[in-house]
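Values below: all heavy atoms of this structure, side chains included; hydrogens, waters and symmetry mates excluded. Model, not experiment: these values are computed from the prediction.
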Amino acid sequence: MTSTAAAPPPPRAYRRLSVEERRTQLLGAALSLFAHRAPDEVSLDEVAVVAGVSRPLVYRYFPGGRQQLYEAALRSAADELKLCFTEPAVGPPTERVSRVLDRYLGFVDEHDAGFSALLQGGSVAETSRTTAIVDGVRRAAAEQILLHLGRGTGPGRRPAGRRLHMMVRTWIAAVEAASLIWLDEEKQPPAPELRGWLVDHLIALLAATAATDPETRSAVADLLALETAGGPAGRLAALVLPVVGEAAHLLPAPAASD
């Protein structure tokens, strides 16, 4: 009697990964572990298990061991984070910054508790090289924000003044700090609310700096010409003006007329 049982499916053909594909696979496995634990708590054995390869293979690609693998994973994460700040110069500047922050907070959310280990140091794996990688992200982020403010390097761009550049770097540091606090507070308030608050901070810092720095005042004037009443800058102006009105008594009394 002929059997009617279905023949087993043919085995899947094994595809040998290229050097770049294998390296990408190992970095992905490392990042998945570094995203939740400090680098010095992750072993190469664990990376090998997550990647589904042998420990010697991990060493073949990263003969420097865990430190080399961490630095390579950090560069990969840094490249991804830099892309978060890249946004076409389309639409009002504060709306562009809002989209940038949505991507940035999405990155922070995805890497969760490992965000500090990945990009903020605080580990025995931190070296001058890892510090340089992280600082490169901060500088790249600041340059992108300055571009949205109509300043920076490149054709047709006016260079940013010292005060404006310092102000943007200060805001980038505040965004990092707020992100870490957000993780400590179990991601509260919700990301969209945090994003709006950070955009408000940028606008407020710009206004305060513009009050005493002519170059920043010029940049703010250019920015406001591109904003809309329904955008972040218009919304904040509507909220702040009544508050500022309550400070009228702090202004110098007008000079008496003859």
Side-chain angles (χ1 to χ4, degrees), residues 27 31 34-35 39 67-68 70-90 93-111 114-123 125-183 194-195 197-210 213 215-216 218-220 222-223:
L27 288 177
L31 281 171
F34 293 146
Q67 182 65 33
Q68 183 185 6
Y70 170 65
E71 290 180 11
L74 183 61
R75 287 191 188 94
S76 177
D79 290 342
E80 182 181 346
L81 192 51
K82 286 178 183 178
L83 290 176
C84 292
F85 286 89
T86 303
E87 176 70 23
V90 177
T94 57
E95 293 183 14
R96 297 179 220 158
V97 174
S98 294
R99 292 191 290 271
V100 163
L101 287 173
D102 281 337
R103 288 193 295 272
Y104 173 84
L105 292 174
F107 180 93
V108 175
D109 185 28
E110 178 184 353
H111 289 84
F115 178 71
S116 175
L118 278 168
L119 294 176
Q120 302 299 309
S123 163
E126 184 179 10
T127 65
S128 60
R129 291 187 299 275
T130 62
T131 299
I133 293 170
V134 174
D135 193 54
V137 174
R138 293 169 180 149
R139 292 182 181 278
E143 181 63 26
Q144 287 298 315
I145 296 301
L146 285 169
L147 288 177
H148 294 307
L149 299 178
R151 298 296 186 269
T153 57
R157 296 283 182 180
R158 295 170 58 184
R162 191 178 300 274
R163 288 278 302 279
L164 178 59
H165 192 271
M166 180 181 292
M167 186 231 83
V168 170
R169 289 292 302 272
T170 299
W171 181 74
I172 294 294
V175 169
E176 287 185 6
S179 301
L180 293 173
I181 295 170
W182 185 61
L183 292 176
L194 176 60
R195 176 252 295 151
W197 185 64
L198 291 172
V199 174
D200 288 349
H201 273 207
L202 176 61
I203 298 170
L205 282 171
L206 282 167
T209 307
D213 180 53
E215 198 280 330
T216 302
S218 174
V220 169
D222 293 343
L223 178 150

What's the separation between atom [atom1] in [X] and atom [atom2] in [Y], rounded to the nearest 0.5 Å?
X      : Y      : atom1 : atom2 : result
Ile133 : Leu81  : CD1   : CG    : 12.5 Å
Trp171 : Leu205 : CH2   : CG    : 9.5 Å
Leu202 : Thr170 : CG    : OG1   : 11.5 Å
Leu147 : Thr86  : CG    : OG1   : 9.5 Å
Phe107 : Leu101 : CZ    : CG    : 14.5 Å
Gln67  : Leu74  : CD    : CG    : 9.5 Å

Minimum heavy-atom separation for [X] to [Y], with atom names?
X      : Y      : result
Leu164 : Arg151 : CD2-CG, 3.8 Å
Ser218 : Arg158 : OG-NH1, 3.3 Å
Leu27  : Ala73  : CD2-N, 3.6 Å
Ala160 : Leu146 : CB-CD2, 3.9 Å
Ser98  : Val199 : OG-CG2, 3.6 Å

The side-chain hydrogen bond (donor to acceptor under 3.5 Å, both in side chains) partner of Glu87 among Gln144, Arg103, His148, Arg96 is Arg103

- request: Show your reasoning for whether side-chain contact (heavy atoms from CB on, under 4.5 Å) applies to Met167 and Asp213.
  value: CA-CA 11 Å; Met167 186 231 83; Asp213 180 53; over 6 Å; no

Hits for salt bridge (Lys or Arg N to Asp or Glu O under 4.0 Å) against Arg195, two or more places apart or cross-chain, chain-then-number order -> Asp102

By salt bridge (Lys or Arg N to Asp or Glu O under 4.0 Å), Asp135 pairs with (sequence neighbours left out) Arg139, Arg169

Across all chains, not counting sequence neighbours, the side chain to side chain donor-acceptor pair (under 3.5 Å) partners of Arg163 are Thr212

Tyr104/Leu198 under side-chain contact (heavy atoms from CB on, under 4.5 Å): CA gap, chis, key distance, verdict
CA-CA 12 Å; Tyr104 173 84; Leu198 291 172; 6.0 Å; no

* To do: Would you please test Asp109 and Leu105 for side-chain contact (heavy atoms from CB on, under 4.5 Å) and show each step?
  => CA-CA 6 Å; Asp109 185 28; Leu105 292 174; over 6 Å; no

With Leu149 as partner, the option from Val97, Thr94, Val220, Leu206 fulfilling side chain to side chain contact (heavy atoms under 4.5 Å, CB included) is Leu206

